[in-house]
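Scroll down for the structure; my scribbles are underneath it.
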Amino acid sequence: MNPTSFRPRRRAVVAAAAALPLVGLAACSSDTGDGPDLGGGSDGGGEGSAFVDVIASGPVAADDAIAGSAWAAAIKEKDQLIRGGTVANQVFSLASTTGGQPTGFDAGITQLLAKYILGEGGEEKVEYIDTTVETRETLVQNGTVDCVIATYSITPERLEVIDFAGPYYLSGTAIQVRTEDAETVAGPEDLTGKNLVTQANSTGIQAIEEFVTDPGDVQTLPDNESCVAALKQGRADAYVLDQGVLLGNSAADPEVTVVGEPFVDDPYGVGLAKDAEGAVDFVNAFLQEIIDSGAWEKLWTATIGEVMDTEAPEPPVPGELPS
């Protein structure tokens, strides 16, 4: 691990609208980060769970829709969807502890997309390739993966090198602290002078620069696990990153807690290669279909809804990308 540190230039703290309130976050399992499958009940996402029911009810694309997208047709031909992402986030994509498919919101989007392209049983024909914030664009560009679905924030900078379908979820940059310190931090205005950590090449860096006045040392580490370790070991006072990642940490580990509300809007998209002909339109049509059918809301309830004491939000509009 090669951590780097920087001191952001001073910026005034600006109040921003929250994407979603963080209320009633559940913390469960051990401090190792291992936890039960999150998929709609105590059965761990197995047969009969709300998660499995959502996937089972997912739509299948018409043959002419697949034929109209060279990207989808190639996936259909090889009879497999290769997804870049992670299976280590309990809320969004977690490997099963019982031998089943990964569960979580991103895992559900992935499996619904695979079924949409490959037909009944297609949800089981996914190869999950691990990616990090530093490797995602490269793996999309060189064709190692068909897509990346990984709490992947759509930004103008990333849009210069890859395409995005979506957004399929609206998240936001948030703050995580040690649970024992949860009463001392409510927002970025409370981070002045504090040592912070975020992931390298992430949107957390810009959020700190823009919204935190005079922080202490800011470390950038290569992955989520390293950042959580720095926080728990006292090498950082707060971890600033996308809400989706931090939710997974809080759900799996009672020693860390998400505080306050998101202070930067963060739309998640499906990362696609710029030369993937017909990919963006095809995936946007898929997203609109699961939104219109109610599958999106049911998937949210079976996953994110289990750790947030709120009603399901309005889904975003696929194709409305940030400028």
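Only heavy atoms go into these numbers, but all of them, side chains included; no hydrogens, no water, no symmetry mates.
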Give the table of side-chain donor-acceptor pairs shorter than 3.5 Å for residues 65-74, with sequence neighbours excluded, one pair per line with atom names and distance.
| from | atom 1 | to | atom 2 | distance (Å) |
| --- | --- | --- | --- | --- |
| Ser69 | OG | Ala72 | N | 3.1 |
| Ser69 | OG | Gly278 | O | 3.1 |
| Trp71 | NE1 | Asp146 | O | 3.2 |

- Co-members of the apolar cluster containing Val126 [side chain, <4.5 Å]: Val87, Tyr128

- Message: Take a 6.0 Å sphere around CG of Asp63 and say whether it holds more than 12 heavy atoms from other residues, nucleotides or ligands.
- Response: no

- Any chance CD of Glu289 has more than 12 other-residue heavy atoms, nucleotides or ligands included, within less than 6.0 Å? yes

- Message: How about CD on Glu77, more than 12 heavy atoms from neighbouring residues, nucleotides or ligands closer than 6.0 Å, or not?
- Response: no

- Does a donor on one side chain and an acceptor on the other come within less than 3.5 Å for Asp223 and Thr132? no

- Message: Measuring only between side-chain heavy atoms, which start at C-beta, is Gln111 closer than 4.5 Å to Phe51?
- Response: yes

- Task: Taking the side chain as every heavy atom from C-beta outward, state whether Ser96 and Thr103 have any pair of such atoms under 4.5 Å apart.
- Result: no

- Item | Reported CD1-to-OG1 distance for the pair Ile208 and Thr203, which is rounded to 0.5 angstrom | 10.0 Å

- Task: Scan residues 86-115 for pairs that pass salt bridge (charged side-chain N to carboxylate O under 4.0 Å, His left out), counting only residues two or more places apart or in two chains.
- Result: Lys115-Glu120

- For the residue pair Trp296 and Phe105, does the interplanar ring angle fall in the parallel (under 30°), tilted (30 to 60°) or perpendicular (over 60°) class? perpendicular

- Residues two or more places apart in sequence or in another chain: which of them pass side chain to side chain donor-acceptor pair (under 3.5 Å) with Gln288? Asp292

- Message: Do Leu191 and Pro215 have side chains that approach each other closer than 4.5 Å (heavy atoms only, starting at C-beta)?
- Response: no

- Note on the structure: The reported gap from CD in Glu123 to CG in Leu113 (rounded to nearest 0.5 angstrom) is 12.0 Å

- Message: Test your reading of the model: is there a side-chain donor-acceptor pair from Ser93 to the backbone of Thr86, 3.5 Å cut-off?
- Response: yes

- For Glu137, the salt bridge (charged side-chain N to carboxylate O under 4.0 Å, His left out) test, sequence neighbours excluded, returns Arg158

- Task: Kindly indicate whether the side chain of Thr303, heavy atoms from C-beta on, has any atom under 4.5 Å from the side chain of Phe92.
- Result: no

- For Thr213 and Thr192, indicate whether the former's side chain and the latter's backbone hold a donor-acceptor pair under 3.5 Å. no

- Item | Closest non-hydrogen atom pair between Gly166 and Ile154, with its separation | C-CD1, 4.4 Å

- Taking only residues two or more places apart in sequence, or in another chain, which ones meet Lys76 in a salt bridge (charged side-chain N to carboxylate O under 4.0 Å, His left out)? none

- Message: Atom CD of residue position Glu314 - does it have more than 12 heavy atoms of other residues, nucleotides or ligands inside 6.0 Å?
- Response: no

- Message: What's the separation between atom CG in Asn249 and atom OG1 in Thr257, rounded to the nearest 0.5 Å?
- Response: 10.5 Å

- Query: So, does Thr179 use its side chain to make a donor-acceptor pair with the main chain of Glu255 at under 3.5 Å?
  - Reply: yes

- Quick one: CG on Leu221 to CZ on Arg235, what's the gap to the nearest 0.5 Å? 6.5 Å

- Task: Output yes when a side-chain donor or acceptor of Asp265 lies under 3.5 Å from a complementary backbone atom of Gly172, and no otherwise.
- Result: no

- Candidate pair Tyr168 and Ile149, rule side-chain contact (heavy atoms from CB on, under 4.5 Å), full reasoning: CA-CA 10 Å; Tyr168 65 87; Ile149 304 176; 3.6 Å; yes

- Task: Identify whether Val283 and Val60 are in the same connected component of the hydrophobic contact network (ILVMFWY, side-chain heavy atoms under 4.5 Å).
- Result: no

- Spacing of CD belonging to Gln101 relative to CG belonging to Leu94, to within rounding of 0.5 Å: 13.0 Å

- Under 3.5 Å donor-acceptor, Asn89 side chain and Gly244 backbone: yes

- Message: According to salt bridge (charged side-chain N to carboxylate O under 4.0 Å, His left out), does anything in residues 276-286 pair up with another residue at least two apart or in another chain? List the pairs.
- Response: none

- Message: For a 4.5 angstrom cut-off between non-hydrogen side-chain atoms, does Val264 reach Gln206?
- Response: no

- Item | Asn224/Tyr239 under side-chain contact (heavy atoms from CB on, under 4.5 Å): CA gap, chis, key distance, verdict | CA-CA 10 Å; Asn224 179 58; Tyr239 178 13; 2.9 Å; yes

- Specify the closest pair of heavy atoms between Val258 and Ala174, including all atoms of both residues, with the distance to one decimal. CG1-CB, 4.2 Å

- Can you tell which of Pro316, Pro262, Pro313 makes a side chain to side chain contact (heavy atoms under 4.5 Å, CB included) with Leu170? Pro316

- Task: Apply the test side-chain contact (heavy atoms from CB on, under 4.5 Å) to residues Tyr169 and Leu299: give CA-CA distance (whole Å), side-chain angles for both, the deciding distance (0.1 Å), then the verdict.
- Result: CA-CA 12 Å; Tyr169 183 70; Leu299 178 62; over 6 Å; no

- side chain to side chain donor-acceptor pair (under 3.5 Å) partners of Thr151, counting only residues at least two apart: none

- Message: For a quick test of reading the model, state the closest non-hydrogen atom pair linking Ser171 to Gln243 and the distance between them.
- Response: OG-OE1, 2.9 Å

- Message: Would the distance check show the side chain of Ser250 and the main-chain N or O of Leu247 forming a donor-acceptor pair, the cut-off being under 3.5 Å?
- Response: no

- Item | Donor-acceptor pair, side chain of Ser153 and main chain of Pro267, under 3.5 angstrom | no

- Item | Any donor-acceptor N/O pair, Asp163 side chain to Leu272 backbone, under 3.5 Å | no

- Query: Once you round to the nearest 0.5 Å, how far does CG of Asn195 lie from CG of Leu231?
  - Reply: 11.5 Å

- Query: With Asp237, which residues qualify under side chain to side chain donor-acceptor pair (under 3.5 Å), at least two apart?
  - Reply: none

- Output yes when a side-chain donor or acceptor of Asn201 lies under 3.5 Å from a complementary backbone atom of Val133, and no otherwise. yes

- Message: Does any part of the side chain of Val161, heavy atoms only, come nearer than 4.5 Å to the side chain of Gln141, both counted from C-beta?
- Response: yes

- What residues form a salt bridge (charged side-chain N to carboxylate O under 4.0 Å, His left out) with Asp181, not counting sequence neighbours? Arg178

- Check against side-chain contact (heavy atoms from CB on, under 4.5 Å), Cys147 and Leu81: CA-CA 8 Å; Cys147 61; Leu81 174 70; 4.2 Å; yes

- Message: Within the structure provided, determine whether Lys125 and Asp79 are in side-chain contact (heavy-atom separation under 4.5 Å).
- Response: yes

- Listed partners of Phe282 passing ring pair (Phe, Tyr, Trp, His ring centres under 6.0 Å), at least two apart: Tyr116

- Shared hydrophobic cluster for Ile290 and Leu118 (ILVMFWY, side-chain gaps under 4.5 Å): yes

- Message: Going by the rule salt bridge (charged side-chain N to carboxylate O under 4.0 Å, His left out), which residues pair with Asp190 if we only count those two or more places apart in sequence or in a different chain?
- Response: none

- Task: Determine whether more than 12 heavy atoms belonging to other residues, nucleotides or ligands lie under 6.0 Å from atom CD of Glu320.
- Result: no

- Query: Can you tell me if Glu297 uses its side chain to pair, donor with acceptor, with the backbone of Pro315 under 3.5 Å?
  - Reply: no

- Check whether any side-chain heavy atom of Gln199 lies under 4.5 Å from a side-chain heavy atom of Leu241, and answer yes or no. yes

